[in-house]
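A note on names: the letters A, B, ... follow the listed sequences, proteins ahead of strands, and every chain is numbered from 1.
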There are 2 protein chains.
Amino acid sequence: MLRTKRPSINDVARLAGVSKKTVSRIINNEPNVSEKMRRKVQSAIDECSYTPNSQARGLSLSRSFLVSIVYDNPNASYVMEAMYGALDYCRSQGYELIMHPCDFSSPTAIDDLMTFIGQSKIDGVILLQPISDSAELASRLKEAGCNFVRLLSTRCEDEANMIYHNDGIAVNQIVAHLAERGHRQIAHIRGPLNSQSANQRHAEFLLAMEKQSLVVAEHHVVLGDYTFRSGIDSAESLLASNSPPSAIFASNDEMAIGAIVAAQRMGIKIPTGLAVVGFDDSPHASRMWPALTTVNLRVKEMTQLAAQKLIAQCKGNNSAAADVPCEVKPIFIQRQTTDIPSTTPK
Amino acid sequence: MLRTKRPSINDVARLAGVSKKTVSRIINNEPNVSEKMRRKVQSAIDECSYTPNSQARGLSLSRSFLVSIVYDNPNASYVMEAMYGALDYCRSQGYELIMHPCDFSSPTAIDDLMTFIGQSKIDGVILLQPISDSAELASRLKEAGCNFVRLLSTRCEDEANMIYHNDGIAVNQIVAHLAERGHRQIAHIRGPLNSQSANQRHAEFLLAMEKQSLVVAEHHVVLGDYTFRSGIDSAESLLASNSPPSAIFASNDEMAIGAIVAAQRMGIKIPTGLAVVGFDDSPHASRMWPALTTVNLRVKEMTQLAAQKLIAQCKGNNSAAADVPCEVKPIFIQRQTTDIPSTTPK
DNA sequence: CTGAAAGCGCTTACAG
DNA sequence: CTGAAAGCGCTTACAG
């Protein structure tokens with residue numbers, strides 16, 4: 001271990017011929033420092049390329065400068081995108097980011113999380129879907145005084161603690177897009193009943209169909225659980241019925257891809273025999289043939305905003321936290337699985 | 001912020017009626033403590049559910065209890081698997097894990113990394129492919145006294161600092177599998193020239209073909225760059241030739257999937273018109289139709305071993321680090337893209 | 001505007 | 001086997 005010892009605040013103070021308190025003032029941008037002093041200290045800092053030890057800072061301030069993304073979600077690309085969104089902003093503010101996957105179905109999940117937060121001295125957490133839906137977790141965090149931001153699919157009252165994606169807009173675009181291509185029998189593979197996003201997208205689907213004056217056949221709404229497998233099963237039952245749909249809107253890409261695989265196995269051509277739309281824009285979606293029409297949630301932008309909100313909170317600046325925008329509009333992405341010429345050519 | 005203050009070593013000492021040094025001895029499992037003392041202190045620890053503050057420990061020991069996974073790899077599922085492998089072991093040893101993506105093509109990449117490691121006081125790093133290939137990075141780390149473990153595709157001399165996957169075994173299985181199904185014209189889409197894994201797989205492919213007494217036509221080895229796009233392009237050129245192959249072995253799944261999309265667009269049926277094999281076992285591979293025959297690298301197991309090696313190093317136990325196994329054998333996974341009945345039925 | 005003192009929660013010497 | 005002192009690199013609260 002030859003790691004050369006990094007300079008401390010004392011080294012800088014000695015070099016500049018001032019007290020360490022003065023150095024502390026400069027590195028924290030405190031007011032009431034003479035310009036002359038500032039320059040002198042700054043040049044000493046530069047000379048020995050000093051950077052404050054955040055461990056020591058944390059110890060005095062009883063903060064850790066650690067924030068965490070907490071989630072229970074098998075979707076690797078979603079999680080990575082979320083991470084990338086938060087990472088840069090966190091680093092720029094001197095915070096490090098800790099990923100914390102967990103099993104939220106465990107009965108001790110919330111207690112375990114609170115223990116983790118206590119032991120690691122985490123300053124704040126970003127909650128990804130679906131655990132961000134949990135009102136209980138949110139209130140436990142609030143009660144423990146732990147800063148947090150939730151990623152939600154419906155607006156909640158607490159603007160300082162949430163970012164939400166407005167799926168309604170995207171679902172409307174999907175239905176309009178399909179209707180425009182002549183589809184009247186549009187089925188929906190919805191996500192699980194305990195998922196806010198699934199419920200939200202389902203509700204918006206019904207509204208959008210009504211807006212297009214289209215009737216939703218009762219057997220055309222099928223319950224999935226966001227897995228590939230459930231997409232296969234749901235599509236098989238839809239396509240085997242007496243009045244199969246001509247288009248399927250699945251509540252996520254996994255199920256949409258399952259639906260496509262099911263159709264292909266049955267010899268149904270996509271998109272001529274069946275149009276399919278997903279939701280997520282997973283990497284998969286653009287790497288299959290035909291490529292999947294879907295919706296990009298802009299997860300990266302969401303967690304970037306979430307990190308801004310969170311760190312504002314950590315700094316005790318709650319009004320700044322509330323001022324960070326909290327709505328992100330998803331983007332509809334048209335690809336080949338719905339690529340039939342519009343019936344109303346322009 | 002109502003966060004109740006956590007008990008410190010002083011609280012425990014007071015409660016147990018001993019000095020804090022004694023408490024320190026117990027929590028660090030030091031020898032030379034009377035059994036009676038140990039019990040008394042332990043019950044005080046339990047009573048106030050004390051856990052040591054690793055920030056303070058780190059400050060005295062000039063350690064951070066932070067390790068990092070450093071990588072430049074767009075493959076989200078690879079990175080997540082790597083993370084999951086390391087995470088549990090790190091936590092169990094009181095270390096937190098920081099993900100550090102970087103752009104290794106930048107001319108300042110190595111300097112930036114060294115700065116990151118210095119500033120964050122990272123105790124050690126796990127290097128994922130392909131940046132783990134860099135001998136320069138390895139020597140810079142060694143010189144700076146930073147612990148590290150590299151994930152490699154070929155064995156290197158330094159057993160304490162590497163984990164490697166033995167691709168040769170898997171490539172042999174692939175070629176034998178294809179040969180057994182009657183394929184004689186087997187093409188290879190190799191990865192980029194600066195990638196050790198690509199070079200390794202290419203070399204092993206040639207050896208395996210020879211072992212099967214199969215000739216590799218020169219135009220049947222095509223250079224890709226591990227991207228989906230290059231898989232499409234490579235396959236298009238292979239399939240448009242006068243003597244197209246009946247099977248393609250691509251050096252990763254991304255390119256294999258590109259090859260399949262290219263074939264499907266040209267109206268070639270998989271696997272009857274063309275067999276395809278990938279390498280990686282990405283989530284994608286099992287979610288397409290037909291599903292992709294590929295190789296699972298057991299990334300999770302590799303980073304779990306890597307974490308063991310790394311933390312042994314961090315604790316100054318270099319012989320323990322060298323004792324952790326450093327070879328992982330990939331698993332061949334047969335799916336539908338090669339699903340033609342064997343010509344030699346048993 | 002600047003600084004000397006005390007403390008954050010742990011550790012490593014060093015006594016006894 | 002146990003403990004009192006000093007220190008890790010920062011901070012806050014208080015003087016001047």
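- In this structure, A/Gln55 places its CD atom 12 Å from C1' of C/dG9, rounding to the nearest Å.
- Residue A/Ser62 is out of contact with every strand shown, counting any heavy-atom pair closer than 4.0 Å.
- Closest to the side chain of A/Leu59, from the set D/dG3, C/dT2, D/dG9, is D/dG9.
- Atom pair B/Lys21:NZ and C/dA15:P shows a separation of 16 Å (rounding to whole Å applied).
- Dashed line: the shortest gap from a side-chain N or O of B/Ser19 to OP1 or OP2 of D/dT2 is not under 4.0 Å.
- Residues B/Arg14 and B/Asp11 are paired through a salt bridge, judged by an N-O separation under 4.0 Å between the basic side chain and the carboxylate.
- Taking 4.0 angstrom as the limit, A/Asn28 places a side-chain polar atom (N or O) nearer than this to OP1 or OP2 of D/dT11.
- OP1 or OP2 of C/dC8 has not a single side-chain nitrogen or oxygen of B/Ser8 nearer than 4.0 Å.
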Practice prompt. For side-chain contact (heavy atoms from CB on, under 4.5 Å), just list the numbers for A/Ile163 and A/Val328, CA-CA rounded to whole Å, side-chain angles, deciding distance to a tenth of an Å, and then say yes or no.
Written response: CA-CA 7 Å; A/Ile163 303 285; A/Val328 173; 4.3 Å; yes

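- Atom CZ of B/Arg63 and atom P of D/dC8 are 18 Å apart (whole Å).
- Checked by distance alone, A/Arg6 brings no side-chain donor or acceptor within 3.5 Å of a matching partner on the base of D/dG9.
- Contact annotation: A/Ser34 side-chain N/O to C/dT2 OP1/OP2 distance is under 4.0 Å.
- Classification of A/Arg140 and A/Asp111 as a salt-bridged pair holds, one side-chain N sitting under 4.0 Å from a carboxylate O.
- For B/Met162 against B/Cys326, the heavy-atom pair with the smallest separation is O-CB, 3.2 Å.
- At the phosphate of D/dC1, OP1 or OP2 sits under 4.0 Å from a side-chain N or O atom of B/Asn32.
- Computed from coordinates, the B/Lys20 NZ to C/dC10 P distance equals 9 Å when rounded to whole Å.
- A/Ser24 has a side-chain polar atom (N or O) that falls below the 4.0 Å cut-off from OP1 or OP2 of D/dT11.
- C/dC1 is paired with D/dG16 under the Watson-Crick or G-U wobble criterion, all donor-acceptor distances under 3.5 Å.
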